[in-house]
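Written below as structure tokens is the structure these notes are about.
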There are 2 protein chains.
Amino acid sequence: MSSSNTISHEIAESLRDEILRQQYRSGERFPSERDLAARFDASRGAVREALSQLEQLGLIRTQPGGARVQSVDSASLAVLGPLMQLNDLPNPVLVDQFLETFGVLAALTAKNAINTANAEQLIQLKELVVQLTDESVDLEGMQPRWREFMKTLSEIADNLVVRLISNDLKAQFVDQMMRLGIRPDLKKSSIKRLLSSLRVSINKKDGELASEAMLEHFEELRAAMSEAIGLKASEIRKMVV
Amino acid sequence: MSSSNTISHEIAESLRDEILRQQYRSGERFPSERDLAARFDASRGAVREALSQLEQLGLIRTQPGGARVQSVDSASLAVLGPLMQLNDLPNPVLVDQFLETFGVLAALTAKNAINTANAEQLIQLKELVVQLTDESVDLEGMQPRWREFMKTLSEIADNLVVRLISNDLKAQFVDQMMRLGIRPDLKKSSIKRLLSSLRVSINKKDGELASEAMLEHFEELRAAMSEAIGLKASEIRKMVV
DNA sequence: CGGACCAAATTGGTCTGACCAAATATAGGG
DNA sequence: CCCTATATTTGGTCAGACCAATTTGGTCCG
């Protein structure tokens, strides 16, 4: 389950989750390195390495005299992944915000990619869209193709800022949803419409059209995802009862 | 000039910049901790703390046997600030991408803020826009008010994802531009138009309108900024000659 | 000559114990 | 009750040591 198998990473992970769970008030003093070393039965060096990671995440600020906890929403974007994996079910509000934000970035990427693509790249995109149209593959199996398509768009658009943002959100999100068995029920007609729009926009080299199609798609995805999470939540509630 | 005054931070900063300057090929072996300790005349512990920060930034990956450099565009968003401050003049392409990306996020924020704001918040926004309309203050002095306005929008929109993204870009950008004396020459009429649109959108509670105005504004800002950087570049070139 | 295999050197991961300087807490005096 | 001087806590750093995993280099065999 854990990321790296080193002690310092385990400590960092553990403390990170505690902070994200709001177990410390913002501004509160963080336990001393010596105390943490005792608690985790580790050396101070290992603890210090963990703390320097937390500091890089913007979760704590250290000073001679004591470290202090920072408010979560002044942290680095890199905490978003862990934040969504805190509980057995991701926070629906957060998921919705994620999709909304990711949607506008995806739309921007699509627009720029299609507007700046050369002839060869347009052919490549067209090919990828054709593969996405293949009806004999189920939603799960389609994921790698979608990722490939988005990756190609991103490479053509060549916007480092968007790419860096995406890195911090990366596969974590989709993977987690898959793992939890949360599958948004997108209507086939909806997907067809998106693919059709993409096809047209590529043919016409009309980035604006692709952007709008992408935005619309993410709107539908948000609704579907919200429903899917609600469904999963009620499932879990039943199991408990 | 440096951030923190601790040795480990200085080492991290130094190595970070070297990687961002592409002084190591991606995938290349990174110098050993013992070598780095000797080079910086520091203890291995200090070096290890620095390396764990670089790892958190996604710039290196460490393993028993040796650390390896990762490609910059697979790093964390937090490298963007340092990336723009590498040279005496920021990379214009990067600045443009930054503004483009930030623009769509700002537009999204404005849309959601105005659409979800309650009566009291609308009044507050209206008040802030009025303050921005004050003609007796120069562009420089207006900055804090703009920041206040954007911050309020962000709080009303209440999208943690966007906020986290903004954290990693934060004041760094504007501050650096100010420090370098790069001042985009936005026409007064352009700003007036933006403020007027914002006023109307607040009155009508029409988020979409605000979003479009914001997008348009950032388009103009991109053009102006590009020009300003070009101007500064030629200035510097003259000084050298 | 090339590939598989083994031993030695290198490297990261961790620990212990120690010292300094800055910040904090505490006790004392006004 | 407030302010100051002192003692304690805390982060920052260093040195030296050990282990386990990886690399490296050389050797042997086909």
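Below, read A as the first sequence line, B as the second, and so on, with proteins coming before strands; counting in each chain starts at 1.
- Using a 4.5 Å heavy-atom threshold, the side chains of A:Q53 and A:H9 count as touching.
- Taking 4.0 Å as the cutoff to heavy atoms of chain A, we find the contact window on DNA chain D bounded by D:dT10 to D:dT13.
- Counting heavy atoms from C-beta outward, B:I156 and B:L125 have side chains that approach closer than 4.5 Å.
- A:R21 pairs by the salt bridge (charged side-chain N to carboxylate O under 4.0 Å, His left out) definition with nothing, not counting sequence neighbours.
- For the salt bridge (charged side-chain N to carboxylate O under 4.0 Å, His left out) test, residues two or more places apart in sequence or in another chain that qualify with A:E18 are A:R39.
- Applying the salt bridge (Lys or Arg N to Asp or Glu O under 4.0 Å) test to residues at least two apart or on different chains, the pairs with a partner in residues 56-84 of chain A are A:D73-B:R163.
- Ring-plane geometry between B:F149 and B:W146 is classed as perpendicular, the angle between the planes exceeding 60 degrees on a 0 to 90 degree scale with a lower cut at 30.
- Take B:R44 and apply the salt bridge (charged side-chain N to carboxylate O under 4.0 Å, His left out) test, not counting sequence neighbours, and it matches B:E33.
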Item to complete: Sugar-phosphate means primed atoms, P, OP1 and OP2; the rest is base. With that split, encode nucleotides 10-16 of chain C 5' to 3' as B, S or - using protein heavy atoms under 4.0 Å.
Response: -BBBBBB
